[in-house]
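What follows is one structure encoded as structure tokens, with my remarks underneath.
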Amino acid sequence: MAGALYGSFAVTACANDSRGSGKEDEKLKGSKVLVLGGTGRVGGSTAVALSKLSPHLSIAVGGRNREKGAAMVATLGRNSSFVEVDFENAESLKAALDGVDLVVHAAGPFQQTEKCPVLEAAIETKTAYLDVCDDTNYALRAKTFKDKAVAAGIPAITTGGIYPGVSNLMAAELVRVATSESEREPERLRFYYYTAGSGGAGPTILATSFLLLGEDVIAYNKGEKVKLKPFSGMINIDFGKGIGSRDVYLLNLPEVHSAHEILGIPTVSARFGTAPFFWNWGMEIMTNLLPQEFLKDRSKVGEMVQLFDPLVRTVDGFAGERVAMRIDLKCTDGRDTVGLFSHKSLSQCVGTATAAFALAILEGSTQPGVWFPEEPEGIAVEARQILLERVSQGTINFVMNKPPWMVETKPKELGLGIYV
């Protein structure tokens with residue numbers, strides 16, 4: 001059982017509570033979802049989660065490899081099919097979107113790309129859109145298509161995975177509850193993330209991590225945009241039971257920009273760490289020794305991924321796949337509140353998270369346009385509870401709106417000199 005306190009209401013979910021097998025699922029009967037990158041780790045996990053959360057959905061797995069596609073269809077069973085598609089070819093994309101109600105773009109990495117071909121094809125074919133983008137430049141480029149999406153009557157969400165995605169919603173809820181309780185204003189927001197090894201997400205997350213090392217970190221300090229060195233500024237963060245304390249480092253992530261702009265928080269940053277510890281050391285060494293231009297080159301990074309992938313898979317075997325997110329909000333009255341999420345498997349929970357966003361769009365929670373998750377036009381405030389209930393299935397820990405000492409394994413000293 002996982003629980004989260006949301007101010008005036010509680011969120012609870014069991015591992016076997018589908019939240020989509022009853023009346024909600026009946027409403028979606030006949031709807032078709034195309035998962036691009038559906039033969040990969042993230043896309044495949046999303047397709048599986050969709051089939052469990054809403055068995056009546058028709059799921060098309062989009063990819064280039066027919067053999068992998070057939071294997072995924074065999075896993076999904078009835079109501080599934082494979083579509084061969086070239087993600088970078090407009091005509092191929094439009095043909096694949098024929099008769100589709102929602103396209104989920106899970107074919108990363110999104111770093112160092114210059115266009116949004118899937119979103120453009122979705123708007124042209126009037127198909128609802130969701131991506132799991134974790135790149136600031138791509139997300140901001142996607143937002144420039146807002147007016148076209150509005151004109152086409154198409155709802156679209158960018159950065160709709162686990163982090164960013166669920167982490168954005170957790171931040172929005174922390175701010176909503178904090179500002180509704182008193183006259184205080186949000187002052188500082190910090191996103192902290194931890195993943196053991198690759199989290200079972202495979203080469204994509206490895207490529208993403210390397211590419212992010214080639215980007216200056218954009219953070220905000222008292223309203224001013226600041227540029228910082230990637231994978232610097234290490235601090236040790238307590239992620240609560242099941243995870244414990246972990247070292248995390250600055251990375252350039254899109255939720256920093258969106259939280260600053262949309263939630264109106266003057267100081268925002270994001271940090272990430274992994275395990276075993278030598279992966280963090282390796283990332284630091286790469287940042288210090290390799291030129292940024294090298295780390296921005298997708299082909300060179302691809303070669304590095306091929307080189308490191310066998311080792312990463314071996315280490316994943318004993319490091320596990322655990323993932324944790326901690327979002328800390330500080331307000332002008334000095335009060336700190338925390339949202340905490342941890343799960344045994346990144347590859348599993350990112351699929352569940354993306355599927356939850358997909359269902360929210362299909363159920364009508366998203367207005368026409370291109371939105372970040374924390375925008376109410378993206379996920380309506382009243383729809384956040386259902387989405388987070390779905391995501392909370394199988395979590396190790398999921399709490400919201402608590403003071404830090406209530407979630408930490410080694411609580412720090414309280415204001416009166418009392419330890420708890």
Side-chain angles (χ1 to χ4, degrees), residues 36-37 40-43 87-88 105-119 131-143 158-165 167 191 193-219 227-234 248-258 269-274 279-313 315-316 323 346-347 350 354:
L36 290 179
R41 297 286 185 90
V42 174
F87 310 140
E88 297 178 357
H105 184 7
F110 292 86
Q111 284 73 23
Q112 303 303 321
T113 57
E114 297 179 356
K115 297 180 180 180
C116 301
V118 179
L119 176 56
D131 69 44
V132 296
C133 164
D134 50 6
D135 180 68
T136 303
N137 292 328
Y138 188 100
L140 294 178
R141 189 180 307 117
K143 287 287 287 181
T158 185
T159 70
I162 188 70
Y163 64 83
S167 58
F191 295 95
Y193 304 126
Y194 163 78
T195 298
S198 73
T204 298
I205 193 171
L206 194 58
T208 295
S209 300
F210 289 164
L211 288 165
L212 282 171
L213 297 181
E215 297 183 8
D216 289 330
V217 173
I218 301 300
K227 285 187 178 182
L228 303 167
K229 185 177 180 179
F231 229 72
S232 63
M234 186 273 286
V248 291
Y249 304 74
L250 287 163
L251 273 185
N252 189 40
L253 296 173
E255 54 268 47
V256 171
H257 172 86
S258 59
S269 62
R271 284 176 168 84
F272 166 83
T274 185
W279 285 145
N280 289 328
W281 291 359
M283 301 270 274
E284 280 189 286
I285 291 170
M286 288 175 63
T287 304
N288 290 324
L289 295 184
L290 296 177
Q292 269 197 331
E293 291 307 311
F294 180 95
L295 292 167
K296 289 179 179 180
D297 190 317
R298 286 171 63 95
S299 62
K300 288 185 172 64
V301 166
E303 292 173 2
M304 283 203 304
V305 168
Q306 290 182 357
L307 178 66
F308 282 102
D309 188 51
L311 176 60
V312 171
R313 290 177 186 270
V315 174
D316 279 357
V323 60
L346 172 63
S347 61
V350 71
T354 308

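Hydrogens, waters and symmetry mates play no part in the numbers below; they use all other heavy atoms, side chains included.
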- Query: Does the pair F272 and F191 meet the rule for a side chain to side chain contact (heavy atoms under 4.5 Å, CB included), with working shown?
  - Reply: CA-CA 8 Å; F272 166 83; F191 295 95; over 6 Å; no
- Output, in order, the C-alpha distance, side-chain angles, deciding distance and verdict of side chain to side chain contact (heavy atoms under 4.5 Å, CB included) for E215 and D135. CA-CA 10 Å; E215 297 183 8; D135 180 68; 2.7 Å; yes
- Would you check, one step at a time, whether the test side chain to side chain contact (heavy atoms under 4.5 Å, CB included) holds for D216 with N252? CA-CA 7 Å; D216 289 330; N252 189 40; over 6 Å; no
- Worked check of side chain to side chain contact (heavy atoms under 4.5 Å, CB included) between K296 and L211: CA-CA 6 Å; K296 289 179 179 180; L211 288 165; 5.8 Å; no
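Listed here is the closest heavy atom pair of P109 and T208: CB-OG1, 3.7 Å. Nearest approach of A196 to Y194, heavy atoms of both residues: CB-OH, 3.5 Å. Across all non-hydrogen atoms, the minimal contact from L250 to G233 is CD1-CA, 4.2 Å. When every heavy atom of C133 is checked against every heavy atom of T158, the shortest pair comes out as CB-OG1, 4.0 Å. Minimum heavy-atom separation, L213 to P230: O-CG, 3.3 Å. Closest approach of A106 and V42 over heavy atoms only: CB-CG1, 4.3 Å.
Considering only heavy atoms from C-beta on, S258 stays 4.5 Å or farther from T159 through its side chain. Side chains of M234 and V248 form no contact here, defined as non-hydrogen atoms less than 4.5 Å apart. Within the 4.5 Å cutoff, side-chain heavy atoms of Y193 are placed close to those of E255. Q112 is not listed as a side-chain neighbour of Y138, based on a closest heavy-atom distance of 4.5 Å or more.
No more than 12 heavy-atom neighbours from other residues, nucleotides or ligands sit within 6.0 angstrom of NZ on K300. Within a 6.0 Å radius of CD in Q292, more than 12 heavy atoms belonging to other residues, nucleotides or ligands are found.
For the pair R271 (side chain) and S232 (backbone), a donor-acceptor distance under 3.5 Å is absent. For the pair D131 (side chain) and H105 (backbone), a donor-acceptor distance under 3.5 Å is absent.
Screening D309, L295, D297 for a side-chain contact (heavy atoms from CB on, under 4.5 Å) with M304, the sole residue that qualifies is L295. When each of I285, L212, V217, T287 is paired with F231, the side-chain contact (heavy atoms from CB on, under 4.5 Å) condition holds for T287 and for no other.
The distance from the CE atom of M283 to the CG atom of N288 is 12.5 Å, given to the nearest 0.5 Å. In this structure, CG on L251 lies 11.0 Å from OG on S269, to the nearest 0.5 angstrom. A distance of 8.0 Å separates CG of L228 from CD1 of I218, quoted to the nearest 0.5 Å. R298 contributes atom CZ, which lies 6.0 Å from atom OG1 of T113 (distance to the nearest 0.5 angstrom).
A side-chain N or O of D134 and one of Q111 form a donor-acceptor pair less than 3.5 Å apart. Between the side chains of Y163 and T195, at least one donor N or O sits under 3.5 Å from an acceptor N or O.
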